[in-house]
Amino acid sequence: MKYYGNSKDDVLKELSTSCVSGLSSNDVCERQKKYGLNEFSVKEEGSFLKDVIDALKEPMIVVLIFAAVISAAIGEYSDAIGIVCAICLGVGIGLVTEGKSKKAAEELSKLTENIDVKVLRDGKVQQIPKSQLVPGDIVFIETGDMAPADGRLIDSINLKVREDMLTGESDDVTKKHDVIIGMEKVLSKSGVIEQEPIPAKQINMIFTGTLVAYGRGTMVVTAIGDNTEMGKIAQNISGVEEEMTPLQVKLGNLGSLISKLSGALAGLLFIFMMVKMVTGGVLNVDTSGFMPFLESIGPAKTAFTVCIALIVAAVPEGLPTLVNMTLAVTMNKMAKINALVTKKEACETIGSVSVICSDKTGTLTQNRMTVETVYVDGKYVEDSSYKSSSYFTENCLLNSTADIEKDGDSFKYLGSATECALLLYNLDKDYRKIRHESEIIIQKPFNSQLKRMTTIIKSDNDTVALLKGAPEVILERCNFIQKDNSIVELTDEIRQEVLAEIQKLQVKSMRALGFAYVVMEEAMLEACAEAEGEVTGGDFVFSGFVGIRDPLRPDVKESVEIAHKAGVQVKMLTGDNINTARAIGLELGLLDGGKKAVESSYIDTLTDEELRNEIGDIGIVARSKPDTKMRIVNALQRNEEVVAVTGDGINDAPALSKADVGIAMGISGTEVSKSAADIILTDDSFSTIVRGIEWGRGIYENFQRFIQFQLTVNIVAFLIAIISQLMGKEMPFTTIQLLWVNIIMDGPPALALGLEPVRRHVLDKKPINRKANIISNTMKVTILMNGLYMIAILLLQQNFNILGASEAEKETVMFSIFAFSALLNAFNCREFGFDSIVQNLTKNTIFLKIIAGTAVFQIICTMLFKSFFNTVPLSFVMWVKVIAFSASIIVVNEIVKFIGRKVRN
């Protein structure tokens, strides 16, 4: 049954229950067996072993495992152990941050547990744990209660519910038991179709987890546990599969490419060397027996060892460790800018974000109704210090049942958000003291039918009735209007002028609230008492009106503009009505460029393919639902966008989990949204997201710096080996020397590049495409040119001995030139394209210290571990020559960049 679309009597009949006696004990037992407990089920997670196996299947990890096996096979056990340690470190850090879906589902399960609810059973009102509720139970709710299940209202008195955590609707929702909600008609491309109204429009229904802000009511439980609206969200969170981040995909592709290329080149080199040995008579294969065969292929061991060493040297085994260490350092740094990262990959992924799907309430706005405009006594006033002649202050403070509570630097609203806004406006007045000292004769709470609230007070010797509510309703009760200290007749002309001013507020997404008063005569007071607080007759005086709205965060407009300049689209997905959403969107520029605002009901009429085609032209989605947000995120991702989703409510949790980067509000956000997110903003500031994007882009560039640095070394090692064979010369480096340079360059210098400060220009570029190669065309040119230069100086030394090394020193000098030219090339890798290294030379002091330390370490190892590296000690003068010759790679780069800048300009 569509409970919202049927009368309460039909619903009670369908559920076989009674509003007089409730369910019997036998009914409860039978239904508990059938429906189970009123709890969310938690999806079973895989075992720890399965998680480890899945982590080891990542492409880069597979390449590293292969490298470790090969290193062990050729006897390089220390290198194999180092690679295994890198694998363990990378996998270990990854597993620590896994399982956010499970955690989010657990938070949902805990959210409403241990709540006692009042129910009617066996004709008696009882208190039972929330978990024991079953469909058909009659439940009583009142101000301050959290709804324990989904239910159809069968009775209500001035009932208002806060549903923002479920629907995103910032206003308190007035609930009515005596209405029937019909199917919603929506205009689609194929014509008018009917569909179910979204939860925000089902005003005769109560949903689990929402809060009763005002009044009281009675409901019959229609759904419990996983079958509630909140339960469906929990299942969506549990069902979201973790997808590889753009960074993981690109690094995986890079690892696969390196392994394939290095394997193919090493295989060709091995074949070339074997053919050369056979044709030169060095290798004569004896097939007379197994042992003679092994002895005869002994000379091939050298070729095999060299080729395997090249494969191992080509694999950037330090990359996973570098990624994890860099992200760990960045997590700490981002925490200092109020972005708490819960999933390390999000540090980088946020830099690739091309679309931000933002919630409105609590994200773009402050989630706090605030008085923006005050029109009293015939004029606009600036602040609450104005002394009103029309009981305006009394109407705000006494004609109210709300409270506000100091909570750190902000205030907690208790009761109607609209009434709380009036109290906050009059913060310079002690409303509790005024209420205590005032004599309130009668108070009639806000009535959704009458759309007004009435309070009668004693003021000096007068009895005054205070009225506040919908301006058009209040104006109908008034015959006069206050103008300064005078009371004048409220003519039709003045009435239209006031209404015109109120309409100006509504265009600006403000809610208008009108005020009036009348000094009562004794007869009026007696009639009022007989009418149960309803003031009949009397010449009410219109005091004025106020404009109330949920204000934008102070820095959000500027942040949205910065995001747009950085090529990042901002879309607003809100539970509010379309008029409010459009007004906010216009103020933020979200509808610029022909973007349109639609309701989620329109999105529901589109197929997935149609949504993919249209989502680029949609800037705002109003009345947004959790499943709508999920569809939008999925459509954007299928369009190759990298999507960030911001939110603070339970309704945002599924989309936060699905997004490439889920961003939750740390102050106003629910525990569920925080658990589902990758990043939590501890200051709830949208500008922090933009700063996070800046950091993320900086990290991406740092990974590119490392890759550019590492691949240059790999290319040199491969080409030197190939050129040496083609020239008929021995490989100038031993296997140990190759592995050493590879390992030492994978270590400290690479980490130093990973800590480069973020460049200011990163927000001037467009976002990196999800499928873009992590090695840009500019990087390819730089890698090739620097690699060829390093090969050139090595060949110059090998063939012409331009440094004047003795016969004994030649091999050591070659090894040292290779090591130092590779090390000093790190300076060139700090900048891309034609940018000079001079402008940021001293901005990364850690880099300078690490390069200097690595250089000293290289010299010490070469001098002390002569037999291990097959080297000889070099003189001080020779070390100066080696370092100066190697440093020429920096000088030549700067000259080329200078010429390039001149030509470009």
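The residues of the chain are indexed from 1 along the displayed sequence. Just so it is clear, the model here is predicted, and its values are computed rather than measured.
- Within a 6.0 Å sphere centred on CD of Glu437, other residues, nucleotides and ligands contribute more than 12 heavy atoms.
- The environment of CZ in Arg216 is sparse: at most 12 heavy-atom neighbours from other residues, nucleotides or ligands sit within 6.0 Å.
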Apply salt bridge (charged side-chain N to carboxylate O under 4.0 Å, His left out) to residues Asp604 and Lys625 and explain how you reach the verdict. CA-CA 10 Å; Asp604 294 340; Lys625 303 175 294 183; 2.7 Å; yes

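- A donor-acceptor pair is defined here as one N or O able to donate and one able to accept, closer than 3.5 Å; such a pair exists between the side chain of Tyr413 and the backbone of Met369.
- For the residue pair Ser389 and Asp377, the shortest heavy atom distance occurs at N-OD2, 3.0 Å.
- Shortest non-hydrogen contact noted between Thr688 and Ile337 is CG2-O, 3.2 Å.
- Between the side chain of Lys360 and the backbone N or O of Ile584 there is no donor-acceptor pair closer than 3.5 Å.
- Side-chain contact check for Val570 versus His564: some heavy-atom pair is nearer than 4.5 Å.
- With rounding to the nearest 0.5 Å, the separation of CD in Gln482 from OH in Tyr391 is 9.5 Å.
- Looking at residues two or more places apart in sequence or on another chain, you find no salt bridge (charged side-chain N to carboxylate O under 4.0 Å, His left out) involving Lys571.
- Every residue meeting the salt bridge (charged side-chain N to carboxylate O under 4.0 Å, His left out) condition with Lys379, not counting sequence neighbours, appears here in chain and number order: Asp484.
- Note: Leu586 CG to Leu591 CG = 5.0 Å, rounded to the nearest 0.5 Å.
- Contacts classified as side-chain hydrogen bond (donor to acceptor under 3.5 Å, both in side chains) and involving residues 148-157 (residues at least two apart or in different chains) are given here: Ser156-His177.
- For Phe542, there are no ring-ring contact (aromatic ring centres under 6.0 Å, His included) partners, not counting sequence neighbours.
- To the nearest 0.5 Å, atom OG1 of residue Thr393 and atom NZ of residue Lys429 are 4.5 Å apart.
- Side-chain contact between Val464 and Glu394 is absent, with no heavy atoms from C-beta onward closer than 4.5 Å.
- Glu558 CD: 12 or fewer foreign heavy atoms inside a 6.0 Å radius.
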In residues 467-476, what donor-acceptor pairs under 3.5 Å come from side-chain atoms, sequence neighbours left out?
{"from": "Lys468", "atom 1": "NZ", "to": "Asn399", "atom 2": "O", "distance (Å)": "2.5"}
{"from": "Lys468", "atom 1": "NZ", "to": "Glu419", "atom 2": "OE2", "distance (Å)": "3.1"}

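- You'll find the side chain of Leu153 stays beyond 4.5 Å of the side chain of Lys176, heavy atoms only.
- Within the model, atoms CD1 of Ile632 and CD1 of Ile603 stand 5.0 Å from one another, a figure rounded to the nearest 0.5 Å.
- For the pair Ile441 and Lys458, the minimum side-chain heavy-atom distance is below 4.5 Å.
- With Asn395 contributing its side chain and Ala516 its backbone, the two residues share a donor-acceptor pair below 3.5 Å.
- In this structure a side-chain-to-backbone donor-acceptor pair under 3.5 Å is missing from Arg553 to Ser687.
- At distances below 3.5 Å, not a single donor-acceptor pair connects side-chain atoms of Thr218 with backbone N or O atoms of Ile154.
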Determine, step by step, whether Thr208 and Lys130 satisfy the side-chain contact (heavy atoms from CB on, under 4.5 Å) criterion, reporting the C-alpha distance in whole Å, the side-chain angles of both residues, the deciding distance to 0.1 Å, and the verdict. CA-CA 10 Å; Thr208 185; Lys130 180 267 306 182; 5.8 Å; no

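- In summary, Glu163 and Lys175 engage in a salt bridge, as defined by a charged side-chain N under 4.0 Å from a carboxylate O.
- In this structure, Gln443 and Thr401 have side chains that are in contact, with non-hydrogen atoms separated by less than 4.5 Å.
- By the salt bridge (charged side-chain N to carboxylate O under 4.0 Å, His left out) test, Lys504 pairs with Glu501, sequence neighbours left out.
- With sequence neighbours excluded, the residues that form a salt bridge (charged side-chain N to carboxylate O under 4.0 Å, His left out) with Glu587 are Arg549.
- Evaluation of the side-chain contact (heavy atoms from CB on, under 4.5 Å) rule for Asp539 yields Asn479, Phe480 as partners, not counting sequence neighbours.
- Residues Thr463 and Val519 form no side-chain contact, since every pair of their non-hydrogen atoms from C-beta on lies 4.5 Å or further apart.
- By the 6.0 Å contact criterion, NZ on Lys406 is enclosed, its count of non-hydrogen atoms from other residues, nucleotides or ligands being greater than 12.
- Annotation: side chain of Leu513 is in contact with side chain of Leu422 (closest heavy-atom distance under 4.5 Å).
- Across every non-hydrogen atom of Cys396 and Asn426, the tightest pair is CB-ND2, 3.6 Å.
- A donor-acceptor pair under 3.5 Å is absent between the side-chain atoms of Ser459 and the main chain of Asp462, judged by distance alone.
- Under the ring-ring contact (aromatic ring centres under 6.0 Å, His included) criterion, Phe545 pairs with Tyr375, not counting sequence neighbours.
- A donor-acceptor pair shorter than 3.5 Å cannot be found between the side chains of Thr174 and Lys160.
- Atom CG of Asp383 has more than 12 neighbouring heavy atoms from other residues, nucleotides or ligands inside a 6.0 Å radius.
- Between the CZ atom of Phe540 and the CE atom of Met520 there is a distance of 7.0 Å, given to the nearest 0.5 Å.
- Judged by distance alone, with hydrogens and angles left aside, the side-chain atoms of Thr370 form a donor-acceptor pair with the main-chain N or O of Arg368 at under 3.5 Å.
- The closest side-chain donor-acceptor pair between Asn338 and Ser685, if any, does not fall under 3.5 angstrom.
- Across every non-hydrogen atom of Ala659 and Val633, the tightest pair is CA-CG1, 4.0 Å.
- Remark: the backbone N or O of Leu397 is paired with a side-chain donor or acceptor of Arg435 at under 3.5 angstrom.
- Remark: side-chain polar atoms of Ser543 are paired, donor with acceptor, to backbone N or O of Ser390 under 3.5 angstrom.
- Under the side-chain contact (heavy atoms from CB on, under 4.5 Å) criterion, Gln496 pairs with Leu499, sequence neighbours left out.
- The ring-ring contact (aromatic ring centres under 6.0 Å, His included) test applied to Phe515 returns Phe392, not counting sequence neighbours.
- Using a 4.5 Å cut-off on side-chain heavy atoms (C-beta onward), Leu681 and Ile663 make contact.
- Salt-bridge formation is not detected for the pair Lys232/Asp627: no Lys NZ or Arg NE/NH1/NH2 atom is positioned less than 4.0 Å from an Asp or Glu carboxylate oxygen.
- Here the shortest heavy-atom pairing between Gly585 and Ile620 reads CA-CD1, 3.5 Å.
- Expressed to the nearest 0.5 Å, how far NZ of Lys629 lies from OG of Ser600 amounts to 10.5 Å.
- Side-chain atoms of Ser438 come within 3.5 Å of backbone N or O of Ile434 as a donor-acceptor pair.
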Review item, side-chain donor-acceptor pairs of residues 199-207, under 3.5 Å, at least two apart:
{"from": "Lys201", "atom 1": "NZ", "to": "Glu184", "atom 2": "OE2", "distance (Å)": "2.4"}
{"from": "Gln202", "atom 1": "NE2", "to": "Pro197", "atom 2": "O", "distance (Å)": "2.9"}
{"from": "Asn204", "atom 1": "ND2", "to": "Tyr4", "atom 2": "O", "distance (Å)": "2.9"}
{"from": "Asn204", "atom 1": "ND2", "to": "Val179", "atom 2": "O", "distance (Å)": "3.1"}

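- Here the closest non-hydrogen pair linking Arg495 and Cys478 is NH2-O, 3.6 Å.
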